[in-house]
Amino acid sequence: MVFLVMRLLPGDPLTLFISQSQMASGQLTVEQLNELRHKFGLDKSLSMQYIDWIGGVLHGDLGMSIFYTTEVSTLVAERMPITLYLGMLAFIFSSLLGILFGVICAIRRGKWIDAVITVVANIGITIPSFWFGILLIYVFSLQFHWFPTGGYTSPFTDFGLNMRQVIMPVFCLSLFSIASLTRQTRASVLEVVRQDYVRTAWSKGLSERVIVFRHTIKNALIPVVTIIGVQVSLIFGGSVLVETVFNIPGMGRLLTQAVFQHDYMIVQAGVLIVAVVVVLSNLIVDISYGWFDPRIRYG
Amino acid sequence: MVKKGQIKKNSKSLSNEDASAGFEKSPPRHGELWWIVRVFFGRKLAVIGLVIILAMILTAILAPWLAPYQPNKMDMTQVLQQPSWTHLLGTDSVGRDNLSRVIYGARVSLMVAIGAIGMSAIIGEALGLIAAYFGGFLLQIIMRLTDALMAVPMLLIALVIASVLGGGLKNVIIALGIGMIPVQCRMMCGQALTIQQNDYILAARSMGISGLRMMLRHIFPNAFPPLMIVTTVGLGATILAEAGLSFLGVGILPPEAAWGSMISDGYKFILTNPILSFAPGICIMLVVFGFNMMGDGLRDALDPRLRGIL
């Protein structure tokens with residue numbers, strides 16, 4: 001646990017530091033009036049700005065956006081739920097499907113279903129998500145007209161439309177994760193199946209279901225959980241691209257636009273928030289190890 | 001010598017039953033490298049991957065001779081042509097030959113991949129090695145820094161850095177290189193920490209060799225196999241990330257042909273000319289597939305425990 005807290009703490013200053021360099025070039029490239037600089041505190045030294053900003057963040061103030069001239073926190077509050085919603089869906093979707101496919105493959109090793117899923121998984125980890133999105137739009141929106149090409153409506157105003165808009169981006173976001181989780185699960189289940197305790201279970205005459213679920217899967221999931229933690233970061237990274245393709249007004253899009261507009265306040269806040277979300281979810285994943293593998297104890 | 005062969009034979013028959021048939025032919029004095037090569041080439045997918053990558057490298061080198069047209073030459077009389085014998089993959093919105101641009105795109109992708117991975121490997125592995133060798137405070141600092149970098153999605157780091165530096169080949173390489181550092185650093189550090197437990201390190205130390213020599217001659221070569229896997233797969237990941245950056249418009253600058261930006265250009269004309277964005281996408285897929293399969297093959301060859309599973 002001590003280690004986890006250690007990891008939490010220094011995570012943030014560095015991300016700030018990256019955005020600080022963003023800030024420095026913002027000063028150089030965007031030639032703004034000195035008054036404006038003063039208003040946003042840009043005429044202070046970098047370290048002062050940094051201290052100001054940290055102080056603000058600790059008070060829950062993320063600063064002002066230069067481009068939108070509104071509070072960054074309101075912008076983020078608007079955009080973040082959308083990305084979180086998509087990300088959560090993609091995360092759940094990929095965890096369930098990835099593990100399911102992986103287990104199916106491992107149990108039916110060498111059968112046609114294993115071959116098919118393995119090939120698809122191998123392709124899945126190679127497709128660029130944005131290109132896959134374009135492909136989906138081309139086939140399902142432009143050829144078959146099943147789904148809208150993009151946009152976003154809140155699930156509370158129109159649930160049906162929201163589902164139809166969300167299904168393609170979520171699939172896009174989760175494809176890579178599904179594929180890599182499938183590969184990892186398959187490998188790890190096959191590893192566990194060879195263990196002595198599984199052979200013992202078979203020789204005790206336990207039913208296949210009990211062996212698969214109780215003995216095999218639970219043990220095989222330990223390395224998979226590690227990969228699941230990585231997926232959170234990947235899904236967030238992917239949302240930058242996927243939101244652009246599907247024209248969804250989420251965090252990813254906000255960040256991309258902010259980068260182009262040199263709106264570094266948003267970039268700083270966005271990177272910070274994404275980092276916090278990723279670290280938090282990794283914390284949850286780390287804690288869940290204890291459940292999967294009671295041998296692990298935190299000191 | 002005989003003993004060595006015996007051990008190998010055993011490990012082989014344990015882990016890979018079907019490949020043991022031709023074993024007697026190979027004399028045991030072939031070293032570890034020969035063994036690795038054999039396993040690698042015993043895997044169909046790994047060989048396919050290798051062939052794809054070699055084809056890509058050849059395409060990149062021979063681009064000026066292979067491409068039927070200049071990749072950046074505009075021809076306003078030939079705008080948005082459908083695929084035909086004069087333009088095999090059609091032309092884009094300013095009349096540039098798509099096939100030529102795809103061919104030249106291989107160059108850009110390859111340069112970015114090699115440059116960024118080279119940079120991250122040198123910096124990341126040096127840091128990891130130093131962290132593991134000196135331990136203590138230095139280890140803590142370096143590992144916390146990589147933790148922090150890991151907390152932000154790599155694409156986001158690259159996006160921010162690339163937007164600070166501006167687009168262009170060199171800056172994309174730097175941006176992606178920084179993004180890839182933590183992976184290399186962690187791998188190196190983890191390996192080095194394990195290797196340092198070995199007796200031969202103790203032996204070397206008792207001989208009084210210098211720190212640098214210890215790191216480079218004794219620790220690094222032994223950590224090399226897993227690093228090679230990470231690097232191979234990393235090449236594919238870098239190409240994906242570069243395509244993503246170029247797609248967003250912060251990657252390779254416009255007149256240059258890059259697969260990512262070609263996809264986003266072609267996207268505008270997807271109803272009439274879908275081939276414009278499909279062709280570069282398929283290229284990205286093929287190349288990344290190639291690197292991944294090579295990585296799998298290497299993993300099989302270098303890590304006997306996983307052989308035949310992944």
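The chains referred to below are lettered A, B, ... by the order of the sequence lines, with proteins before strands, and numbering in each begins at 1.
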Exercise. Write down the atom of A:Y138, the atom of B:F278, and the distance for their closest heavy-atom approach.
Key: CD2-CZ, 3.5 Å
Quiz item: What are the two closest heavy atoms between B:L155 and A:G237, and how far apart are they?
Solution: CD2-O, 3.3 Å
Self-check item: Under 4.5 Å from a heavy atom of chain B, the part of A:F236 involved
Solution: both
Exercise. Among the options B:A241, B:A237, B:G281, pick out the one with the most heavy-atom pairs lying under 4.5 Å from chain A.
Key: B:G281
Quiz item: Using non-hydrogen atoms only, which part of A:I235 is less than 4.5 Å away from chain B: side chain, backbone, both, or neither?
Solution: neither
Practice problem: With a 4.5 angstrom heavy-atom cut-off, could you sort out which part of B:M143 is near chain A: side chain, backbone, both or neither? | Solution: neither
Exercise. Would you name the heavy atoms of B:M285 and A:I123 that are closest together and state the gap between them?
Key: CE-CG2, 3.7 Å
Quiz item: Do A:F130 and B:I263 have side-chain heavy atoms sitting under 4.5 Å apart?
Solution: yes
Quiz item: Of the non-hydrogen atoms in A:I125 and B:V288, which two are nearest, and what is the gap between them?
Solution: O-CG1, 4.3 Å
Exercise. Could you pull out the closest heavy-atom pair between B:L240 and A:I127, with the gap in Å?
Key: CD2-C, 4.3 Å
Quiz prompt | Side chain / backbone / both / neither for B:L286 at chain A, heavy atoms under 4.5 Å | solution = neither
Quiz prompt | Euclidean distance, A:T126 OG1 relative to B:N292 CG, rounded to 0.5 Å | solution = 7.0 Å
Quiz item: What pair of heavy atoms forms the shortest contact from A:P128 to B:I284, and how long is it?
Solution: CG-CG2, 3.6 Å
Quiz prompt | Part of B:F291 within contact of chain A (heavy atom distance under 4.5 Å) | solution = neither
